[in-house]
Amino acid sequence: MLHIINKSTLGSSTLDTCLNTATGGDILLIEDAVYAATKGNASAAVLQAAMGRFKFHVLMPDLEARGLGDRLIEGVSPVDYGGFVDLTVNNKSCQSWL
Amino acid sequence: MSDAKKFMFVNRKAPYGTIYALESLEVVLISAAFDQDVSLVFLDDGVYQLKKGQQTKGIETKNFSPAYRALEDYDVEKLYVEKEAMEARGLTEEDFLVDVTVLSRAEMGALMDEQDVVLSF
Amino acid sequence: MKFGIVVNEGPYQHQASDSAYLFAKAAIAKGHEVWRVFFYHDGVNNASKLVEPPQDDRHIVNRWTKLAEEHKVDLVVCVAAALRRGIKEENLAQGFRISGLGQLVEAGIKCDRLVTFGD
């Protein structure tokens with residue numbers, strides 16, 4: 001299953017709920033959630049700790065728009081909108097954690 | 001029902017502060033007419049939607065919580081509350097205005113994996 | 001693959017409509033079909049023909065109209081949510097139609113994937 005997170009992980013508990021509830025699969029960070037995948041962000045450690053259970057992806061146009069395109073942490077795969085589409089195709093279902 | 005899809009409606013937001021809970025319920029009621037396999041789950045602040053005794057006169061807003069009781073008449077009977085979310089808000093099953101099945105996080109995650117369509121509000 | 005897309009937030013206020021549009025465009029570019037976009041909650045405001053952004057900004061409403069025309073995308077606005085927010089036939093932008101919530105459930109049934117963009 002593909003899980004889509006769109007909120008800053010420091011301002012919302014959405015990512016935590018997703019990590020605590022979901023059994024595994026792909027997680028795509030979009031919109032304000034992309035900050036979590038940047039070096040030095042307090043959530044980066046949370047992502048790294050969950051990497052055994054989940055495969056993380058970040059929507060690069062959103063990260064670049066926010067001036068942090070060069071600070072992506074290791075282990076998170078960058079995707080463009082086409083890659084976002086592929087993730088939805090390759091998973092049987094997807095859930096936007098609104 | 002064999003060709004029915006499994007639909008899950010995920011409610012993670014409290015009522016009244018925003019309209020999501022009310023408009024989510026409207027979709028659920030409509031979905032009942034399509035003979036699909038519908039589940040309704042409540043996580044995080046979404047569990048507050050089911051709290052008994054909502055009195056909305058003072059905020060001059062319609063109390064839509066009785067509509068959760070009508071779900072049964074629409075054959076929407078799979079209502080699930082996440083145990084950890086309920087407990088973190090000081091609530092117990094007795095606080096809810098409808099019968100629900102309380103699931104652990106792990107059980108909730110497994111249920112999500114079974115779904116064909118997940119709509120969250 | 002056949003896609004359904006749900007947009008739950010209004011234009012300009014939230015990035016949801018932009019993300020949904022760029023996702024739809026990418027899906028079409030990859031040869032997929034975007035069968036229906038359903039606008040719900042404040043998302044119904046994406047269908048207002050009265051929207052007038054500054055000239056140097058993207059025109060979110062017209063962008064949806066153009067996508068619908070060029071790729072036969074069915075743009076559906078929820079009637080109950082629309083009436084609450086003052087969106088009616090008289091101010092509905094081209095390419096959109098107002099219909100019931102059943103259209104959202106139908107998209108879930110008929111599409112291979114349903115992707116939601118919201119807050």
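Within every chain, numbering begins at 1; the chains are lettered A, B, ... in the order of the sequence lines, protein sequences first and strands thereafter.
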**Q.** From CG (B/Leu50) to CZ (B/Phe96), nearest 0.5 Å
**A.** 6.0 Å
Q: Look only at the side chain of B/Gln49 and the backbone of B/Tyr68, and say whether a donor-acceptor pair between them is shorter than 3.5 Å.
A: no
**Q.** Structural part of C/Ile109 lying under 4.5 Å from a heavy atom of chain B
**A.** both
Q: State whether the side chain of B/Glu84 and the backbone N or O of B/Arg105 hold a donor-acceptor pair below 3.5 Å, judged by distance alone.
A: yes
Q: Mind checking salt bridge (charged side-chain N to carboxylate O under 4.0 Å, His left out) for B/Glu93 and listing every partner two or more places apart, or none if nothing turns up?
A: none
Q) Side chain, backbone, both or neither: which part of C/Val6 has a non-hydrogen atom closer than 4.5 Å to chain B? A) side chain
Q: Carefully, step by step, assess B/Leu119 and B/Phe121 under the rule side-chain contact (heavy atoms from CB on, under 4.5 Å).
A: CA-CA 7 Å; B/Leu119 279 163; B/Phe121 296 101; 4.0 Å; yes
**Q.** Region of B/Leu29 in contact with chain C, defined by heavy-atom distances below 4.5 Å
**A.** neither
Q.
Between C/Cys111 and chain B, with a heavy-atom cut-off of 4.5 Å, which part of the residue counts as in contact: side chain, backbone, both or neither?
A. backbone
(Q) Please report whether the ring centroid of B/Tyr80 lies less than 6.0 Å from that of B/Phe42. (A) no
Extract the chain B to chain C donor-acceptor pairs under 3.5 Å, no hydrogen or angle test applied.
| unit_1 | atom_1 | unit_2 | atom_2 | d |
| --- | --- | --- | --- | --- |
| B/Lys5 | NZ | C/Gly108 | O | 3.0 |
| B/Lys5 | NZ | C/Ile109 | O | 3.1 |
| B/Lys5 | NZ | C/Cys111 | O | 2.8 |
| B/Lys13 | NZ | C/Asp119 | O | 3.1 |
| B/Tyr20 | OH | C/Glu9 | OE1 | 3.4 |
| B/Tyr20 | OH | C/Glu9 | OE2 | 2.2 |
| B/Glu23 | O | C/Tyr40 | OH | 2.4 |
| B/Glu23 | OE1 | C/His41 | ND1 | 2.6 |
| B/Glu23 | OE1 | C/Arg85 | NH2 | 3.2 |
| B/Glu23 | OE2 | C/Arg84 | NH1 | 2.7 |
| B/Glu23 | OE2 | C/Arg85 | NH1 | 3.0 |
| B/Glu26 | OE1 | C/Arg84 | NH1 | 3.3 |
| B/Glu26 | OE2 | C/Arg84 | NH2 | 2.7 |

Q. If you round to the nearest 0.5 Å, how far is CG of B/Leu91 from OH of B/Tyr48?
A. 6.0 Å
Q) Under the 3.5 angstrom rule, does the side chain of B/Gln54 hit a backbone N or O of B/Lys51 as a donor-acceptor pair? A) yes
